[in-house]
Every structure is written in structure tokens, then in C-alpha cells.
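Take a look at the structure set out below.
Proteins come first, then strands; the chains are lettered A, B, ... in the order of their sequence lines, and each starts at number 1. Hydrogens, waters and symmetry mates are skipped; everything else that's a heavy atom, side chains included, is used.
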There are 2 protein chains.
Amino acid sequence: MATSKRRSMPTRRELAIWRGYIETYDILRNRLEARLHQDSELSNGDYRVLLALSEAEEHTLRSSALAAHIEWERSRLSGHLGRMEKRGLVRREPCAEDARGSQVVLTEDGARAFRASTVPHLQAIKETFLDAFTDEQLDVLGEATTALRAHLGLPPVTAAGGSPRAGV
Amino acid sequence: MATSKRRSMPTRRELAIWRGYIETYDILRNRLEARLHQDSELSNGDYRVLLALSEAEEHTLRSSALAAHIEWERSRLSGHLGRMEKRGLVRREPCAEDARGSQVVLTEDGARAFRASTVPHLQAIKETFLDAFTDEQLDVLGEATTALRAHLGLPPVTAAGGSPRAGV
DNA sequence: CCCATTTGATTGACACGTGAATCATCGCTC
DNA sequence: GAGCGATGATTCACGTGTCAATCAAATGGG
């Protein structure tokens, strides 16, 4: 009788649910990323950076502010910005107030690319993910996610983005 | 009135659910991978390769059979095996029946590393993921995953692995 | 039997991610 | 105002993923 719940191994059913969750997610994410790339020549990372800059004052942010906003390591952002800069999506300028700093600016091309990508991307999210579920399933999914985030000690959903339309 | 359901944009609520799903997943996966790496010096990829070889006849598989089993691109597997071979986890031998082929063999070290990793890994899955939910939530999550897989045109859960204990 | 095609596997070029090391500047203290 | 620790950002080394190109061996049609 005595096997304690917390230290026991997953049952076969639990494992199946875990595997389903994890594997399906991977495929979903790959499909969406592929579609975004195909529609707009943008990666998920590009999209995230462009979204943040689009919503920023003057279409510009300090590098560290941007990193904090999208929750990336600084070195990750640095490398990514290098690639985006080569493609002309953003520009980096020395920072007036702090000579160490770097000011990331959305270029006209970057803004255009982002504008062109957002509607098809949101539609892809709807068609690929949201349309799979009934309304009740969506509710329940949301609750499960909330429970999982609490369990992991995470804040209750990223309020970020905020905009009515820009999502992800 | 006429806006058709399928082509409309996601609502704010839908987007929040999407974002929760995707972001929480990322964090979960990173934590589990970090823990596996910390406990056992293995990456997810390593684990998956070792699991497949452990369950294989004679602890060996043709490279292409292995790739098919774990659903990896051949080139991805090739690179990964190169790194694993350097660490002594697997060995590659020329293939008797087909001189083009390559036979991947689990080494004693590889088997040992896998054996040592599986129990803590499964416990981590339980503690990090499964313990977040009630039984009903788990059911519902399973159903949602099933619905999503169907929507994406995927087969109903990967029956693979099979073993009572080896999961993921 | 020979050659064209297919197939098994590797390689190369690149995008992406992490962590440690580096380096200049900033700002504080004396 | 000289020194020194904290901070902003980049760089390096590496692991990981994709796709196209390569290359040798297998194979089937004439």
C-alpha cells in the first residue's frame, strides 16, 4: 500500500499523455515556424524582435531593454541582431546617454516585413492550433496551462504584448 | 454579421491561451532538459538515441532504421552520432549486408549511462509535469492532445517506446 | 554486362541557443 | 581625479537543427 505518490514512477497512461503533449507541441511549433518563414521570410525569433520594436516608442529600444522585454539572454539577442542587421531589418546605433549601450532601431524594411507577416501569422495560429479545439477544450487547456505554470513557479501568463492584435 | 469563423483573427482570449501553451511548454522542456543534463550528462537527443538502441535487438540498429524509429532526419542523426561516438556512448561499424550502410552499436558505457539516467528522468517528468495536474485535468489534456493531433493530421499518439518503464 | 537511377550515409554551410570570457565604460568611493 | 567593482554589449566555443550537395554502393532495364 505504502508507495508514496510523489516519489513513484509515472504510470503508462501518464507517460502516454506526457509523450503526446511534448511530441505534438514540437510538430505544431515546427509547422508554424515553417509557415511563418514561408509566408514572410521571418523566423520566430525575428518576429518576436520585430513585434517588440514595433510596439516601442519611436520604434527603438536599448539592447538590454529589448532583451529583458522578450526574455532573451543578452548574448542570444546580440547574435540574432547581427543576423537581422545583415538582412536590413534593424539597425544598431551608438547610444547617446551611455557610451557602452547600443540602440536598436527598426528599419523601414523591418517595419514593412513585420506588417506583412502579422495577419497571416495570426491566421496560421488560429487554423493550426485554435481551430483544433472546442470552446470548452480551450477553456480547459487554459486552466491546465495555468495549473502547470503555478506548479513551475511561473507568473500567471505573460501579460506582455498587450496589443489587441499583435500576439505571440 | 457575416464574418466567417475559419478566416477570422484569434480573439484576445484565444491568443492568451496560445501564448500560455507555447511559452509554458518551452520553459518546461528547458527545465527537463537541464535536469537530465545535470543528472546524467545527457541531452534529450542522447536519451532518445540511447533509448532506441537499448530496446533494439543486440543493442544495435542500422543507421537508417534508427533514424526512422526516432523520426529524425538522416543528416541530423549522422551529426549527433558523431558527437556521441566521440564521447564513447555508441560505436559505428561497417555493415555486412550492405557496404553503404552503417551499424550503430550501443557501447557498454552508453548502456550504463542510459540505465543510470532513466529513473531520475522519469521522476523528473512526473514531478515537473504530471504532478501539476489533477486526474481529470490529465484526462482532458490527453483528449485535447488527441484532438490537436487529429487536426494536424497526425497518427493517434506515438505507440513507440512501448516498454513499461522507458518513456519519452 | 553496362550504365542510369536510387538509396545509405556523410559533409558543408548556415541559423539558432547557451555559457564563459572579454572589454570598455560608468559610477562610486576615497 | 585615480582606482575599482558593476554593468552593457559582444565574442568565442560548442551543441544542436535544416537543407542541399556529395559520394559510393546497390540495382534494374536494355
What does B:S78 touch in the nucleic acid at a heavy-atom separation under 4.0 angstrom: a base, only the sugar-phosphate, or nothing?
base
Between B:E127 and B:R35, is there a salt bridge with N-O shorter than 4.0 Å?
yes
Quick one: A:E97 CD to C:dT25 C1', roughly how many Å, whole number?
14 Å
Could you point out which residue of B:L42, B:L66, B:N44, B:L106 forms a side chain to side chain contact (heavy atoms under 4.5 Å, CB included) with B:V49?
B:L66
Parallel, tilted or perpendicular for A:H80 and A:W72, by the 30°/60° rule?
perpendicular
Could you give the CD-to-P distance, from B:E85 to C:dT10, as a whole number of Å?
9 Å
If we count only N and O atoms by modelled type, under 3.5 Å, do the side chains of B:Y25 and B:N30 hold a donor and an acceptor together?
no
From CG of B:L66 over to P of C:dG8, roughly how many Å is that when rounded to an integer?
14 Å
Side chain to side chain contact (heavy atoms under 4.5 Å, CB included) partner of B:I17, the single match among A:L138, A:T145, A:T146
A:L138
Just the rounded figure in Å: distance from P of D:dT11 to CG of A:L81.
12 Å
Below 3.5 Å is the cut-off: list the nitrogen or oxygen pairs between protein and nucleotides 2-7 of chain C, distance only.
residue, atom, partner, partner atom, Å
C:dT7, O2, B:R100, NH1, 2.7

5' to 3', nucleotides 12-22 of chain D under a 4.0 Å protein heavy-atom cut-off (B base, S sugar-phosphate only, - none) gives ---SBSSBB--
Do B:R91 and B:D109 sit within salt-bridge range, that is, some charged N less than 4.0 Å from a carboxylate O?
no
For the pair A:Y21 and B:Y21, name the ring-plane relationship: parallel under 30°, tilted 30 to 60°, perpendicular over 60°.
perpendicular
Starting at atom CG of B:L77, determine the distance to atom P of C:dG8, rounded to an integer number of angstrom.
14 Å
Classify the side-chain pair A:R92/A:S102 by whether it contains a donor and acceptor separated by less than 3.5 Å.
no
Which whole-number value in Å describes the distance from B:L36 CG to C:dT18 C1'?
16 Å
